[in-house]
Amino acid sequence: MSPDFQLKQKAQIMDEAAMGRALVRIAHEVVEKNSGTDGVILVGIHRRGVPLAERLARQIERIEGVEIPCGYLDITLYRDDLTLRHDRPLVQGTHIPTDITGKTVILVDDVLFTGRTIRAAMDALMDLGRPSSIQLVALVDRGHRELPIRADFVGKNVPTSRQEVVEVKVRDIDGAEEVVIMEKTGGDNSNV
Amino acid sequence: MSELKRKDILGLEEMSADEMELILDTAQSMREIIDRPIKQVPTLRGKGILSLFYESSTRTKISFDLAARYLSAGSVGVAKAGSSLDKGESLRDTVRNVEVMGPELVVMRHPSGGAPHYLAKNVDSSVINAGDGYHEHPTQGLLDMLSVRQKTGTLEGLKVAIIGDIFHSRVARSDIWGFGRMGSEVVVSAPTTLLPPNIEETGCRVEPRVEDALKDADVVCVLRLQLERQKQSFFPSVREYHALYGIDARRLALAKPGAILMHPGPMNRGVEITSDIADGPQSIILEQVPNGVAVRMALLYLLLGGGE
């Protein structure tokens, strides 16, 4: 599906340093909330949640001196909008290095928006085992929730309008490190 | 490429390398679901799949049924025995009846080449060819490619030797087109009576001596001797066939060290393949089976996963 609108950059809301600082703070918060790292598993949601989870794991290792398991989750097969979309999103696979039953799973995503991705991710996790708890890290929370879901750890709260798009860029995928707000111009302004 | 822009999967002859790559990548992602404790994702909930098998099948039929189930689609099937084919219904009438039942996808195996193509042309549902006559068996070709790619990482530059009854084999044709398009060199060897005329036009090379075909091969694909089709005596005896074309440890040793051994099943042990190598370390025959489920899951997802 080719979008019938253009995206124009409106503002940069985080630069590389701000993203780094947010991840360091979240790493500390995760360790504090869980009184250490016992039974904690980080799981990044494809795509940009994956490098963010890996970085968080490195930060936690730096703080606590222990390596924590880090996996990735593909939620494509659990989406509730597959029949509404015209494209078929690429299935990129799921790999979680240990059994999640009885563990604390920390989901990592780049942008928390409607909450539907997280709903799908939780369903996917439940099919893999029974975690003792699931917590959520979002680098950016932009509001507009459609489901009763909230993040436990947030890099930055960014009030947005529905006409805007929040893009998180990470070096491994986009070659740059920043968070920008893009504005849709032209075409229809319905929700994407 | 992230989308398959076609309604049906009828054969590998008409498929591009990009499309095959997408199917294999998606299948590789699906593979993990088969090993989960809960082997089901909700992706195709509410979709209807109809399988029409006008020829006997164990593996392929079960594989399609499981693929549908793992993706939460509803699947019903008709086998040859007990269907109206036995009562002499024409394909055209079957097609019209299928149409009004409205399944999103139809899987068809048929003894006549081209039957799934006829169905595809006449119904709105997607059609997957599960084997048509001596023509193509695209899902088997894809699962063979996936199984090899898991071992070698790429299909580019591999020498693939296909040995046995090429004439009656739809698997051979799909393998020749599939591996060929992905950059492998495909060599076939069979008794002249079991080689279709002008088989070179499909892009493979013919080696009359099986030893020459096997030399330095990365992959050896042994085809089933279709004993049920041998009524017209294509060769003097099964024993002679085994002596001249049967693959045993001695012949397999002519291929590269550690070459991959495949067989699409069901095997005639002691005829086209000996038990020691079929169950040996080079054999990936049992890995081909779950890969078959993964490939069929990938195709169901790629054909039905999006809206229209």
Side-chain angles (χ1 to χ4, degrees), chain A residues 1-3 41 43-50 69-103 105 116-131 134 147 173 190-192, chain B residues 1-7 9 18-48 67-74 104-105 126 146 149-150 291 293-308:
Chain A
M1 178 176 57
S2 60
I41 303 173
V43 175
I45 300 175
H46 268 298
R47 285 178 69 198
R48 288 172 185 74
V50 178
C70 187
Y72 53 85
L73 191 64
D74 184 295
I75 57 118
T76 312
L77 300 170
Y78 290 85
R79 296 181 71 111
D80 61 4
D81 60 354
L82 275 176
T83 51
L84 304 176
R85 294 169 64 109
H86 292 270
D87 58 340
R88 292 153 179 79
L90 207 57
V91 183
Q92 298 170 85
T94 289
H95 175 73
I96 295 179
T98 60
D99 182 10
I100 61 168
T101 300
K103 303 286 174 56
V105 174
R116 288 178 191 270
T117 300
I118 306 304
R119 195 281 308 161
M122 289 194 289
D123 279 356
L125 281 178
M126 296 302 180
D127 279 356
L128 298 172
R130 185 181 185 279
I134 299 175
L147 298 170
I173 298 170
S190 64
N191 184 22
V192 273
Chain B
M1 176 170 238
S2 72
E3 256 188 90
L4 207 55
K5 291 196 192 315
R6 54 169 73 238
K7 171 173 138 333
I9 304 292
D18 278 351
E19 286 177 293
M20 292 186 210
E21 196 88 46
L22 171 67
I23 295 167
L24 296 183
D25 288 347
T26 308
Q28 189 58 46
S29 299
M30 295 292 181
R31 185 64 187 77
E32 164 263 333
I33 295 170
I34 300 169
D35 297 325
R36 287 187 190 178
I38 298 176
K39 301 174 209 303
Q40 197 166 43
V41 292
T43 319
L44 297 182
R45 207 160 47 188
K47 304 277 188 187
R69 182 167 301 185
Y70 292 167
L71 292 172
S72 301
E104 274 82 7
L105 187 139
S126 288
L146 179 66
R149 205 183 70 162
Q150 283 168 351
N291 283 336
V293 180
V295 159
R296 283 149 191 143
M297 288 171 78
L299 291 175
L300 295 181
Y301 169 70
L302 291 167
L303 292 177
L304 298 181
E308 290 312 319

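The chains referred to below are lettered A, B, ... by the order of the sequence lines, with proteins before strands, and numbering in each begins at 1. As the structure is a computational prediction, the values presented were derived from the model and not from experiment.
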Nearest heavy-atom neighbours spanning B:Ser29 and A:Gly93 | OG-N, 3.4 Å
State whether the number of non-hydrogen atoms from other residues, nucleotides or ligands found under 6.0 Å of A:Arg130 atom CZ is greater than 12.
-> no
Has A:Arg116 got more than 12 heavy atoms of other residues, nucleotides or ligands less than 6.0 Å from its CZ?
->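 Atom CZ in A:Arg116 is packed in, count exceeds 12.
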Among A:Thr94, A:Leu77, A:Asp123, the one residue meeting side-chain contact (heavy atoms from CB on, under 4.5 Å) with B:Val41 = A:Leu77
From CA spacing to verdict: side-chain contact (heavy atoms from CB on, under 4.5 Å), B:Gln40, A:Asp127 | CA-CA 8 Å; B:Gln40 197 166 43; A:Asp127 279 356; 5.8 Å; no
With a 4.5 angstrom heavy-atom cut-off, which part of B:Gln28 approaches chain A: side chain, backbone, both or neither?
->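 It is neither, since no heavy atom gets under 4.5 Å.
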Is chain A contacted by the side chain of B:Leu44, its backbone, both, or neither, given a heavy-atom distance below 4.5 Å?
->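 For B:Leu44, no heavy atom lies under 4.5 Å from chain A.
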Taking side chain as C-beta onward, heavy atoms only, is A:Ile96 less than 4.5 Å from B:Glu32?
-> no
How many angstroms lie between atom CD of A:Gln92 and atom CG of B:Asp25, to the nearest 0.5 angstrom?
-> 10.0 Å
Starting from the C-alpha separation in whole Å, work towards a yes-or-no answer on side-chain contact (heavy atoms from CB on, under 4.5 Å) for A:Val91 and B:Leu302.
-> CA-CA 10 Å; A:Val91 183; B:Leu302 291 167; over 6 Å; no
